[in-house]
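A quick write-up on the structure given underneath.
Since this is a predicted model, take the numbers as computed values, not measurements.
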Amino acid sequence: MRGPAVTGRTGRAGRLCAGFAAVALVAGCTGAEGSPSVHLDAVEPLVVPADGDEPPAEPVPLSTDAHRSSPGVVASGGPSAPYNYGPTVLRDGGRYRAWWCSQLPYSPPPGDDILHAEATEPGGQYRAADGSPAVPVFSGNPGGFDGMHTCDPSVIKVDGVYYLYYTGAPGDHADGNAIGVASSHDGLSWTRLAEGRPVVTAAEDEIRDNAYGAGQPAVLHLDGWFHLMFTDTTAAAAGWNGAGQFVLRARDPEFRTELQALTEDGFRPVASAAEPRTFSVVDAFSADWMWVEALDAFAIAHQTETGTSITFWDREFRYHPYQRILVEGPWREGPGLVRDPLGHAPTSVTDPCGRVPIDLLRATTEETAPTGIAHFGLDIHGIDGCRDAERAAAVLDGFAVPSPERTVDVVVDGALVRVERRSVAERLAVRVLDERVPALEGLPVIARVNPGATAVNAPDRPLALLLDDDRLWPVVDPEVAELNDSTTVETSVESWERHELGAVLHAGSR
């Protein structure tokens with residue numbers, strides 16, 4: 001039987017299905033029937049504007065292939081979970097981690113919980129570490145703005161710290177939902193930030209019949225900014241039914257430092273997160289997004305009449321650089337894109353410069369509430385994602401290419417680390433490409449991994465190579481030192497931390 005949370009409050013399962021039922025071609029609580037398929041917009045070759053170029057006269061069509069979907073449900077809270085929806089998914093160190101909204105009777109207080117499970121493939125069966133379907137990792141905080149319900153998770157990982165943004169509500173039938181944030185070092189045990197208060201509340205620019213408020217957050221990190229997209233049914237630019245997606249950004253996860261709001265004229269400083277919201281990036285509820293390096297564009301996933309539409313915006317939200325693509329198929333609730341830890345599109349291992357994989361999870365059935373989370377995906381192909389040095393550095397971060405000196409260059413944080421031994425480079429990189437990408441010629445070589453370079457180890461610190469720039473470069477994998485014939489020196493944490501640190505040289509970190 002459905003719990004009280006889905007009869008009227010923060011969860012999209014009850015209140016939002018009733019409040020949003022009239023959305024035309026945008027969102028709803030019924031999905032398209034039939035087997036999944038993909039709408040193709042194809043043109044060759046694809047011309048991608050470079051930074052500073054004039055935008056195309058019309059959005060450029062994209063070619064897609066490699067359509068895929070799961071044969072059934074891939075994520076669930078098990079028999080005791082009455083609903084499962086609102087997933088967020090990270091490709092994190094070779095595994096896929098999903099968090100989503102559900103309700104388990106043994107997780108107090110009564111109300112929406114956020115569950116977690118993992119898989120080895122985006123469309124694989126997600127399971128908790130103990131073998132159960134999922135485990136609750138975040139629930140209501142009695143007495144707080146999120147006293148009963150925590151739902152609609154969005155997770156990213158910045159500098160080794162996970163950040164969870166979520167919708168919170170104090171009780172059933174609660175109007176005026178708000179958005180909170182928590183942090184974690186493992187994605188399982190969370191600590192509320194901002195003193196347990198919401199970081200975004202309803203603007204209350206206009207009171208509508210749909211009194212849901214602010215929620216359904218989606219977060220990503222780009223250019224040093226935390227970007228937060230969310231629903232606010234009280235926003236000035238929301239539709240008659242409350243539909244719309246609004247964007248704030250700040251330098252810190254609590255949205256206090258250099259806070260800016262997206263307006264018709266781009267990002268502008270604002271005094272608080274509740275100032276009037278005058279610009280919506282898509283007419284939708286329950287959306288997700290990611291930054292796509294190879295396209296130099298934001299991709300926003302939202303439900304339309306027959307599936308998930310992907311709408312593209314340029315970096316400054318001036319124009320749509322590409323035509324929308326549509327992943328068709330059954331749905332009952334909004335999608336969760338498979339993203340990298342920063343909320344960016346994962347890079348194709350087989351064709352990083354010419355292909356972008358897009359995978360998503362979404363609820364596909366409705367019994368008493370949305371459930372049946374399944375996997376859908378496709379690839380965008382035929383692009384030139386490495387056309388210039390800046391874009392190539394972003395797309396190929398963590399990859400390696402042959403160097404002019406018969407060694408191997410690993411792309412790290414917009415520069416190159418030159419590695420003498422290919423066997424070492426293969427352990428450090430996602431993949432060593434067969435040919436050097438011309439656009440990388442402009443990148444500087446900032447460090448060299450020569451055979452025998454000293455490895456430094458300290459308690460509770462990763463193994464690191466002391467390279468010729470006198471910095472410590474963490475490598476995580478101890479086999480790297482063995483392959484490089486490095487002598488490992490044991491030292492104290494104090495001595496280890498006296499060194500300036502380079503980037504982590506390990507494919508699993510990207």
Given the rule in the side-chain contact (heavy atoms from CB on, under 4.5 Å) test, do L428 and V475 qualify, once you have shown the distances and angles that lead to the verdict?
-> CA-CA 7 Å; L428 298 177; V475 294; 4.2 Å; yes
Within a reach of under 6.0 Å around CD of E435, are more than 12 heavy atoms found that belong to other residues, nucleotides or ligands?
-> no
Within 6.0 Å of CD in E58, more than 12 heavy atoms from elsewhere | no
If we ignore angles and hydrogens, is there a donor and acceptor under 3.5 Å between the side chains of [X] and [Y]?
X	Y	result
R97	H116	yes
H381	D351	no
E293	T347	no
D359	Y96	no
S309	T304	yes
S132	D130	yes
T167	Q216	no

Do you know which two heavy atoms are closest between [X] and [Y], and how far apart they sit?
X	Y	result
T150	C101	O-SG, 4.4 Å
L90	D340	CD2-O, 3.4 Å
L337	D288	N-OD2, 2.8 Å
S76	P133	O-CB, 3.2 Å
G86	P153	O-CD, 3.4 Å
L483	R427	CD1-CG, 3.3 Å

Check: [Y] main-chain N/O paired with [X] side-chain donor or acceptor under 3.5 Å:
X	Y	result
R436	P402	yes
S348	P357	no
R339	V155	yes
T278	T263	no
D388	R391	yes
R268	D265	yes
S70	H375	yes
W291	G343	no
W496	T491	no
N84	S102	no

Verify side-chain contact (heavy atoms from CB on, under 4.5 Å) between L360 and V338, making sure each step is shown before the conclusion.
-> CA-CA 5 Å; L360 58 88; V338 175; 5.8 Å; no
Got [X] and [Y] here, is their nearest side-chain heavy-atom distance under 4.5 Å?
X	Y	answer
V412	L505	yes
Y126	V89	yes
L466	H499	yes
T454	L465	no
V419	D409	no
L440	L396	yes
D65	L378	no
L501	R471	no

Enter the distance from [X]:[atom1] to [Y]:[atom2] here, rounded to the nearest 0.5 Å.
X	Y	atom1	atom2	answer
Q323	I310	CD	CD1	14.5 Å
C151	I114	SG	CD1	7.0 Å
L164	W99	CG	CH2	8.5 Å
S69	F376	OG	CZ	6.0 Å
S492	R461	OG	CZ	10.0 Å
D384	C353	CG	SG	7.5 Å

Is the NZ or CZ atom of R362 positioned over Y85's six-membered ring, under 6.0 angstrom from the centre and within 45° of the axis?
-> no
Aromatic F255 / basic R249 pairing, under 6.0 angstrom, 45° off normal | no
side-chain contact (heavy atoms from CB on, under 4.5 Å) evaluation trace for I373 with W100 = CA-CA 10 Å; I373 295 177; W100 67 92; 3.9 Å; yes
Run the salt-bridge test on [X] and [Y] with the 4.0 Å N-O cut-off and return the result as yes or no.
X	Y	result
E426	R431	no
E405	R448	yes
D223	R315	yes
D379	R355	yes
R318	D314	yes
R127	E118	no

Decide if the gap between the ring center of H221 and the ring center of F226 is smaller than 6.0 angstrom.
-> yes
Is the gap between the ring centers of F138 and Y166 under 6.0 Å?
-> yes
Identified ring-ring contact (aromatic ring centres under 6.0 Å, His included) partner of F298 from the options F312, F317, Y322 = F317
Candidate pair L248 and L262, rule side-chain contact (heavy atoms from CB on, under 4.5 Å), full reasoning | CA-CA 6 Å; L248 294 170; L262 183 61; over 6 Å; no
